[in-house]
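Reading through the structure tokens given below for one structure.
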There are 2 protein chains.
Amino acid sequence: MKTTIEDVAKEAQVSITTVSRVLNNNYPVKESTRKKVEKAIAKLNFTPNSLARGLIRKRTYTVGVIVPSMTNLFFPEVVKGIEDCMGQNEYTLFLCDTKSEPEYERRHVGRLKERQVDGIVVIGPMSENIRSGFFEALTKEVPLVLVNGYHRGVRCNFILTDEEMGTLEALAYLQALGHRNIAFLRGEQIYSYDVKEEIFTRIMKQSNIPVMQENILVIPEGNSVETVDMSRDMVIRRLEKENPPTAIFCCNDWMATGAINAAKHLGVRVPEDFSIIGFDNIVISQLSEPKLTTIDQTMFKLGQGAAELLLEVIEGKKGEGSLKKVILETKLVKRNSCAVASRTV
Amino acid sequence: MKTTIEDVAKEAQVSITTVSRVLNNNYPVKESTRKKVEKAIAKLNFTPNSLARGLIRKRTYTVGVIVPSMTNLFFPEVVKGIEDCMGQNEYTLFLCDTKSEPEYERRHVGRLKERQVDGIVVIGPMSENIRSGFFEALTKEVPLVLVNGYHRGVRCNFILTDEEMGTLEALAYLQALGHRNIAFLRGEQIYSYDVKEEIFTRIMKQSNIPVMQENILVIPEGNSVETVDMSRDMVIRRLEKENPPTAIFCCNDWMATGAINAAKHLGVRVPEDFSIIGFDNIVISQLSEPKLTTIDQTMFKLGQGAAELLLEVIEGKKGEGSLKKVILETKLVKRNSCAVASRTV
DNA sequence: CCTTTTATAGAAAAGGTTTTCTATTTTAAA
DNA sequence: TTTAAAATAGAAAACCTTTTCTATAAAAGG
């Protein structure tokens with residue numbers, strides 16, 4: 001049998017109430033009795049049962065974190081940021097992996113609600129669940145923060161990186177190096193890729209560079225090892241065609257890694273003959289030769305920010321009405337994969 | 001106010017007991033009443049409170065997972081394996097990151113106990129906490145499984161990969177390719193590196209190859225991006241010295257990636273002039289050119305195995321006495337970083 | 001038709017805390 | 001001293017379920 005507060009009370013010859021008071025330190029108790037109680041606690045190796053606690057306090061010091069995939073490199077960084085902030089506040093994290101299935105996402109939310117979490121942060125929420133109003137409804141039930149899943153008009157708390165700014169920055173950098181014939185590499189279906197592509201075409205137009213359709217490279221999948229080889233092959237094909245680009249903007253670092261491998265395969269020198277810029281700054285960007293120049297998403301900060309935001313929402317249950325939207329800046333990380341354009345179109 | 005089972009009972013005009021019964025489906029209830037109750041549940045969007053449930057059932061369907069670092073690439077794979085198995089059994093995971101601090105490891109265990117988890121799996125437990133008897137004592141309190149932290153004589157449940165076998169396999173492969181002058185690259189202080197080094201020297205002796213001290217390469221740290229550059233520099237230095245090795249065994253894939261970069265830097269061809277074999281088969285082993293030949297630790301299976309083991313321990317609370325030890329096989333993954341030795345010593 | 005089973009439903013206890021309210025003791029004020 | 005106030009401690013209700021035990025109604029057996 002587990003030892004309970006009652007056992008401690010008996011051992012210390014006081015009431016349950018008193019034990020609870022020394023435990024929570026929220027009511028005066030005579031020094032001598034406190035000593036007795038503490039001794040009893042130590043002797044019996046007592047740990048309070050947080051189920052009972054949570055039941056009555058209506059606070060579990062527990063939050064749920066929902067991620068599309070644990071093995072994605074991007075997400076663990078964010079989770080670490082969340083855990084860092086939450087851990088300091090005595091919170092423990094429930095971790096839920098959705099395998100990128102909207103169905104699982106909803107199911108996990110259900111389980112978290114059952115478990116009476118004080119809040120939920122959803123990293124990379126599924127568009128489907130945002131658009132259907134699922135999260136908007138959920139916001140009314142439990143403190144909720146959505147990370148990198150902003151949809152305009154949707155009434156949720158959001159935190160996101162300013163991908164627009166990041167893309168702008170990357171493109172400006174490439175142009176400053178004299179590149180005009182720039183390729184764009186993306187995956188399908190993901191919202192953030194849409195944003196980036198839009199910016200890309202806009203910038204090209206503004207610079208009076210005709211957007212060649214063959215410079216928009218699209219691979220089916222975007223966020224795993226397989227992406228590397230798909231990107232590689234895609235880039236090889238482009239580089240072998242007419243009028244090859246002198247630089248490429250990749251929607252993430254997996255793709256950029258593939259691009260590097262492509263160049264290597266063709267004997268094209270990076271960055272002398274071909275500049276490559278990535279996005280995200282996940283750890284693999286430091287593995288390649290040359291190391292990748294990329295746009296830093298500061299995922300750790302994203303996590304921290306999400307945690308802080310969530311904490312605010314949890315505390316300030318009164319000011320229900322006000323939803324928050326936090327936007328994080330990106331940062332250009334110059335490493336060795338970009339250089340001055342070797343030729344001009 | 002959250003809706004409770006009582007609200008449902010009122011709405012359906014039945015007793016709490018009956019609602020509980022349709023919820024748990026563990027007692028006959030007339031079809032017509034069941035319908036009524038189900039309708040009420042749906043109407044009120046009722047979710048049972050698992051704190052109250054757990055309190056009385058003494059079962060929370062919750063387990064704790066303790067990892068040294070969330071961002072380590074190795075651990076998320078294991079966690080995924082655990083989540084995969086546990087998720088199917090209606091469990092939810094508490095995730096705890098220890099930042100490789102024994103102190104945090106203990107603290108997290110405390111929090112998990114408070115939260116009445118049904119079990120705990122500790123991935124890469126700190127030696128200090130194993131040796132001090134902390135985990136051995138904990139085993140008597142709560143179902144516990146230690147992953148990759150075997151210490152002989154310690155009475156805990158273990159699951160681990162057979163690193164000995166893996167090392168043997170790697171070395172045999174290198175020798176079969178005709179390599180005799182083989183370097184060994186490791187980090188400091190970690191138990192599994194000790195095991196591998198021991199095997200390495202033993203095999204060398206058995207093959208009548210004098211172990212050259214300059215072929216034992218040791219870098220300070222072992223499991224992060226920094227490792228790559230440290231390894232690179234270390235390997236460059238060795239390759240520039242007298243009598244350079246024709247192959248290298250690296251204790252993990254980070255190190256092996258560094259070795260590849262080193263070779264590239266010196267213009268040494270991999271695998272033609274220099275064979276490199278890694279260990280673990282984490283995702284980065286598929287990023288390099290050439291792709292890394294390595295020893296697969298099947299981390300996902302490690303996680304699944306840990307979960308299954310934990311489930312056994314949780315269920316079979318009666319057979320307390322019997323502790324379990326599971327050993328997983330490794331597998332040689334042949335990719336493109338190893339070839340026949342170009343010269344013999 | 002009466003008695004015994006069987007099917008179905010409810011009342012109340014239990015689980016381990018926190019918290020409100022009440023009671024006692026001690027101290028301060030008069 | 002006596003009385004009022006302050007300090008300290010306990011009893012019991014509350015949190016939301018599950019489960020045991022009891023009660024009723026319907027069906028079956030005689």
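By convention in this document, chain letters (A, B, ...) are assigned in the order of the sequence lines, proteins followed by strands, and residues within each chain are numbered from 1.
Contacts classified as salt bridge (Lys or Arg N to Asp or Glu O under 4.0 Å) and involving residues 62-79 of chain A (residues at least two apart or in different chains) are not found. Pairs engaging residues 116-130 of chain B under the salt bridge (Lys or Arg N to Asp or Glu O under 4.0 Å) rule: Arg59(B)-Asp118(B), Arg106(B)-Glu128(B) [sequence neighbours left out].
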Q: Mark up nucleotides 8-15 of chain D, 5' to 3', with B wherever a protein heavy atom is under 4.0 angstrom from a base atom, S wherever such an atom reaches only the sugar-phosphate, and - elsewhere.
A: BBBBB-BB
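The CG-P distance, from Leu44(A) to dG16(C), rounds to 14 Å in whole Å. Put simply, OH on Tyr61(B) is 17 Å from P on dT17(D), counting in whole angstrom units. In this structure, Asn25(A) atom CG and dT19(C) atom P are separated by 13 Å, rounded to whole Å. Atom pair Arg57(B):CZ and dG16(C):C1' shows a separation of 17 Å (rounding to whole Å applied). Between Lys113(B) atom NZ and dG16(C) atom P there is a gap of 16 Å when expressed in whole angstrom units. Distance Asn24(B) CG to dC16(D) P: 17 Å, rounded to the nearest Å. What separates CD of Gln116(A) from P of dT17(C) is a distance of 18 Å, to the nearest Å. Summarising the geometry, the separation between NZ on Lys2(A) and P on dA14(C) is reported as 21 Å, rounded to the nearest angstrom.
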Enumerate donor-acceptor pairs with a distance under 3.5 Å from any side-chain N or O in residues 7-20 of chain B to protein atoms, sequence neighbours excluded.
from	atom 1	to	atom 2	distance (Å)
Asp7(B)	OD2	Thr4(B)	N	2.8
Glu11(B)	OE2	Lys43(B)	NZ	3.1
Ser15(B)	OG	Thr17(B)	N	3.4
Ser15(B)	OG	Thr18(B)	N	3.3
Ser15(B)	OG	Thr18(B)	OG1	3.2
Ser20(B)	OG	Asn24(B)	ND2	3.3

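Within 6.0 Å of atom NZ in Lys36(A), more than 12 heavy atoms from other residues, nucleotides or ligands are found, so the atom counts as buried in its surroundings. Around the NZ atom of Lys324(B), the shell of radius 6.0 Å holds more than 12 heavy atoms that belong to other residues, nucleotides or ligands.
Note on Ser20(A): every side-chain N or O is 4.0 Å or more away from OP1 and OP2 of dT17(C). For dG15(C), neither phosphate oxygen OP1 nor OP2 lies less than 4.0 angstrom from any side-chain nitrogen or oxygen of Asn49(A).
With a 4.5 Å cut-off on side-chain heavy atoms, Arg155(A) and Thr139(A) do not count as touching.
Taken over five-pair windows at either terminus, the axes of the helix from dC1(C)-dG30(D) to dA30(C)-dT1(D) are inclined to one another by 50° (rounded to 10 degrees).
With ring centers used as reference points, Tyr191(B) lies under 6.0 Å from His151(B).
Looking only at distances, no side-chain donor or acceptor of Asn89(B) sits under 3.5 Å from a matching main-chain atom of Tyr91(B).
The side-chain hydrogen bond (donor to acceptor under 3.5 Å, both in side chains) check on Gln297(A) picks up Thr161(A), Asp280(A), with sequence neighbours excluded.
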